[in-house]
Each structure stands twice: as structure tokens, then as C-alpha cells.
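Keep in mind that this is a model prediction, so the values were computed, not measured. Order of the sequence lines sets the chain letters (A, B, ...), proteins ahead of strands, with each chain counted from 1.
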Amino acid sequence: MVEAATIAPPLGARSTLGIDTLVWGVGLALLALFGLLLAEMFAAGLPVLSLEFITGEASDAGRSGGISAVLVSTLWVVALAVGIALPLALGTALYISEYLGRGSTLYRLIHGSLDVLSAVPSVVFGLFGNAVFCELLGLGYSLAAGALTLVCMIVPVMVKASVDGLTAVPTELRAAGSALALSKPALIGHIVLPAALPGVASGVLLGVARALAETAALLFTSGYVLRMPDSPLDSGRTLSIHIYDLAMNVAGGDRFAYGSATVLVILLLMINGAIALVSSYAHRRTTDS
Amino acid sequence: MVSDRLLHSLLALFAALAAGLLLLVVGFIAQEALGLLQQLGVGAFLFHGEWQPYAGRFGLLPMLLTSLLLMLGAVAIATPLAVVGAACINFYLGRHSAILARRLVEIAAGIPSVVYGLWGLTLLVPLLAAIKQPGASLLAGMMVLALMILPTIVVVVDAGLRALPTHYRENAEALAIRRSGFVFAIALPAVRGSVITGATLAAARAIGETMVVMMVTGNLVQLPGSLFDPVRALTANIALEMAYAMDEHRSALYVSSLFLLLFAVALVLTNQLLLGWRGRHG
């Protein structure tokens, strides 16, 4: 491009310097803005991090002490949500990709329904969860009710990633399996699933990330009790709700809000890194074979 | 070993369950909302301005308009910036800096909305308050929402630009068209489908967003007179009042969530129809 411009002076007399400067200006300003925001968060949050902050008990409405109860609640909610969503999502993905034809009405119906589900605002899921899990199933404000609500929210993204993983399985593998006269269940269990594992793993990690980031859907399903939960039937607050509560409802809670935000973002960055690792592993494996 | 038939039925059951989640969600929200909706009529919610839940007045108009304004403002701010940003990453930055920039955008797109709210509350609101009190306002909401949806639009447009056939650029080079001419006259018009998709997805996220608007808009139920007025969005109202709402009041919150649900779903379906139509008709 640059060479072309120097060899042949471009047509049109007006200089495009202004437009180029604008693009550079906007692009770099945006990158700088996001960089600065992250830097600001780490600058305010990293000094708060300590063993005491991670493992200690919260006191003074979260202004001091630690976030151990919050971390345990988060772990319960995320583990339950992903644990329940995984068989549901994987089963759906297997059914879609192994039993349904791509163009079939049923295929489009399931896909469309999941697409629309992923567009539903999270606060609506919160109301749904409150009516169904807290009231109808009698779970009350509890980690379990929050987790079940999150299941509905993370199933679409987990199905999509798993389907991508399953469709990426080389056809030669399936053909080889069929040539050995394997039954469909054996083909799925011994050949397709192991080969699609990276896609499924990405789906799980994406589900964890979505569950970690969610706040609004949990406000009135898992609640915001700042106590160590004894069981998933207790109410408890996740990291994201803790950040909200410290920032909005606790005067002088900003410092620990940034500390908690730093923990949350570091966790999400680790998940991002893991997804990148998994997909580069999958890429290497398919290009090697 | 499991028989084929058993596995087939088991997986079909899972798929039916997953596909049925949408019906469940819509069904339960509607069930909680319909009683009051039938009793008062849609007009009592949509065309009245008074939100006095204890007096049985459930006018959603100010909050509905606020939500729409927040969404439109955020999309209007974010879309042009995101499109230019994506162009910068694709055609102006070098190979290595583009990779770094894409990672930064991906990270920004994955940051939870509550963290954007925290940034808005602690950094932007005091800044706006210095210009005009109280700081927490319609404008603050638009700006933080814009910031939150911007990375998503960049990701979608960037994917569109990367998928452009290489001969577009080779031909432009052969014709000695300048870089800026290529970007604005050829590349960006060619990816307008991606721009529409990105903006629609972003709009759906903005209208459904709760945490950001609750944290930075001041939460005062009123028709905004200016950009600096505190306002309350539909989502924020649900989150703020759900904890203590009973009976009719609670039902009214379900009615407002039904409107939100229908609006967000309509946005996404419109986008898919547009894409499908474009796919068939060029």
C-alpha cells in the first residue's frame, strides 16, 4: 500500500492526511482509554490484595477484613451452574450435530431458540429465577437458586462452543469409525467426543466466565448475604455482587470494591488464557494429523 | 454399551429441555405479568407517567423513554468510534501491534458490567459533577454504556473486515487508491452487514443492562429535561424494587420485564431477518 502510493501519486488533489490522522487518533485514543482504565483498576486494587484479603472474614460491611465468604459463595454458584449446564449443553450439542441434519427444521428451531435465549436481558432471568427457583421450588434466596438461574443463561454459549468443537472433528475419523462397524454410541463415546474435547473445554470455560461476570440475575436469586455459606441452600453473595454493594451501598467501600474487581478480572484473564491455550492445542493437533 | 435408541432419546430429551428453556422463561414471566396486565390494560403501563406503586399507578413512560434514550445514546456514541477503531486495527496498525490491540479489545469485551459501573461511578460521575451537579445522570449512563458496548462492536466489525477477500485490497493498491480512500469507500461499506449486526447486538445489551445504569444514572424516576438530569431506567427499577415489592407492585415489575424481554428479542430477530434477507438478496 505504502509502496503503491509512492510509485504512483494518487488521483484526487485533496490531501487525505486529515482522515488518516482522525483514524489514528480515534484508534489510539480508544486503546489508550481501555489500557488506562485497566491500569487504574490494578493501581487501586493490587495494593489491597493480600493473603488476609483472600482468606479473611469480612468485617464492617466489607470495608475491612477479607472476602473468603464471597469467594466460597462464588465457587458454589459457578461450580453448580456449570456442573448442571454441562450435561444439558453437551447432550444438546451431540443431538444437534450427530443426529440432526444441518438444514432440518428441528435443527433451526433449537438453534433459533438458543439464539433468542442468549438475547434475553439478565435482569429478566433474575425475575424468572425468583419466580421459579426461589418461590415455586421453594429454594428461597439461595446459592442453588442463583446457580439454576445461571444455568439458563450459560447453556446457549456452552452449546455453541460444543457444536463448534464437534463439527471440527475430521470426517476421516468418523469414516474410520464407521468402517470398523462401530455402533453410533461407540462412535460418539470413543471417537467423536475425545476429538471434540477442546471445543467442549472451551465451552465450559466460557460458561465459567459468563457465570463469574453475572450480577443482575443473582441480586434476587442468590441474594447478598455477606456470610460464609454452610451449604448451597444458604444465601450468599458472589464477587460481582460484592463489588456492586461496596461501590453503591457502603460509604468508603471503594478501595475494597477495586480489590474485589481486581480479583474478578484476574480470574477472567486466567480463563481467557486457558481458552487461548486450549484452542491453540486443538489447532496444533488438527494441523499435525 | 448403551443402545443407539436409548442414547438418541436421551440426547433428544436434553435438546428439548435446552430449547424449551426459552419457552419456560417467557411463559413464567408472562404468567406473573398477565393478571395485572389484563386488569389495567397495556395503556396504563405504556402511556402514563406516574410510577406510584403503592397508589396502584404503574406508569412506565419515563423509565421506558429513559431506557430507549440510554440505548440510542450509547449506540450513537459507540458505533462510529468502534467502526473507526476496527479500521485502525485492521489497516493502520502493524501486524504485531494489531495482535496486541485485538487482545486488549477482547479483554475489554469480557470485563463484567459491574466493573464498568464501578469505573463510571468512581471516575466519570465525579468528573461530570464538576461540570454540573449531581453527576449521576442520563449522560453518564450513555457514556458508560457506550464504553461497555464499544469492544463488542469492534470485535464484530473487525471479524467482518478480516473476512474481506484479499483481492479487494490488491485491486485498490493496483489502482493506487490511497489507504483512507480504500478504508472508507471500499472496506467499510463492504462490511455494513457486520456494522448492523454489531450495533444491534450492542443495542440489545444496552437496553438490557442493569448494573451500569443503576450505578451511574442517579435512579430518579422522571422524564429527563436535559442530559445532566438524573434518571431511572426500566432495568434499574426492577433491580431496585424487586427486593421489597409485593402483590400488584411485584406483578408490575414482571410487566416491565416482559416489555424488556420482547424488545430485546425483537431487536435480535430483526437483525437475523435483515442478515437472512441480505444473505439471499445480496
Considering all heavy atoms, the nearest A:Met158-A:Gly203 contact: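 What the structure gives for the nearest pair is CG-O, 3.3 Å.
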A:Cys152 versus A:Phe128, closest heavy-atom pair with distance: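 So the minimum-distance heavy-atom pair works out to SG-CE2, 3.8 Å.
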For each of [options], tally heavy-atom pairs with chain B at distances under 4.5 Å, and name the one with the top tally.
options: A:Ile188, A:Leu38, A:Leu212, A:Val159; answer: A:Leu38
options: A:Gly35, A:Gly91, A:Gly27; answer: A:Gly91
options: A:Ser122, A:Pro121, A:Gly223, A:Ala85; answer: A:Pro121

Below 4.5 Å from any heavy atom of chain A, which atoms of [X] appear? Answer side chain, backbone, both or neither.
X: B:Val154; value: neither
X: B:Phe184; value: side chain
X: B:Val268; value: side chain
X: B:Val25; value: both
X: B:Ile29; value: side chain
X: B:Leu121; value: side chain
X: B:Phe259; value: neither
X: B:Arg250; value: side chain
X: B:Leu267; value: neither
X: B:Leu104; value: side chain
X: B:Leu269; value: side chain

Which portion of [X] sits near chain B, non-hydrogen atoms under 4.5 angstrom:
X: A:Val265; value: side chain
X: A:Leu136; value: side chain
X: A:Leu219; value: side chain
X: A:Leu269; value: side chain
X: A:Val155; value: side chain
X: A:Leu88; value: both
X: A:Leu264; value: side chain
X: A:Leu37; value: both
X: A:Glu214; value: neither
X: A:Tyr107; value: neither
X: A:Leu268; value: side chain
X: A:Tyr258; value: both
X: A:Asp20; value: both
X: A:Ala247; value: both

Contact winner vs chain A - B:Ala239, B:Gly27, B:Gly181, B:Ala204, heavy-atom pairs under 4.5 Å: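 Greatest number of close heavy-atom pairs with chain A: B:Ala239.
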Top contributor to chain A interface from B:Pro112, B:Gly208, B:Ala264 [non-hydrogen pairs under 4.5 Å]: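 Sorted descending by pairs with chain A, the first entry is B:Pro112.
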From B:Leu145 atom CG to B:Ile77 atom CD1, the distance as rounded to the nearest 0.5 Å: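 The CG atom of B:Leu145 sits 9.0 Å away from the CD1 atom of B:Ile77.
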Inter-residue atom distance A:Leu193.CG - A:Leu90.CG, 0.5 Å rounding: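 Going from CG on A:Leu193 over to CG on A:Leu90, the span is 5.5 Å.
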Worked check of ring pair (Phe, Tyr, Trp, His ring centres under 6.0 Å) between A:Tyr141 and A:Phe220: CA-CA 7 Å; A:Tyr141 278 49; A:Phe220 23 83; 7.8 Å; no
Min side-chain heavy-atom separation A:Leu33-B:Leu147 under 4.5 Å: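 Result yes, sub-4.5 Å side-chain heavy-atom pair found.
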Identified side-chain contact (heavy atoms from CB on, under 4.5 Å) counterpart of B:Val213 within the set B:Thr235, B:Val144, B:Ile207: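 Running side-chain contact (heavy atoms from CB on, under 4.5 Å) over B:Thr235, B:Val144, B:Ile207 with B:Val213 returns exactly one hit, B:Thr235.
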B:Arg179 to B:Tyr92, cation-pi by 6.0 Å centre distance and 45° axis angle: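 Yes, a cation-pi geometry.
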Sidechain N-carboxylate O distance under 4.0 Å for B:Glu241, B:Arg232: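 Yes, B:Glu241 and B:Arg232 are salt-bridged.
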Proximity of B:Phe14 and A:Tyr95 rings by center, below 6.0 Å: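 They do not qualify: ring centres at least 6.0 Å apart.
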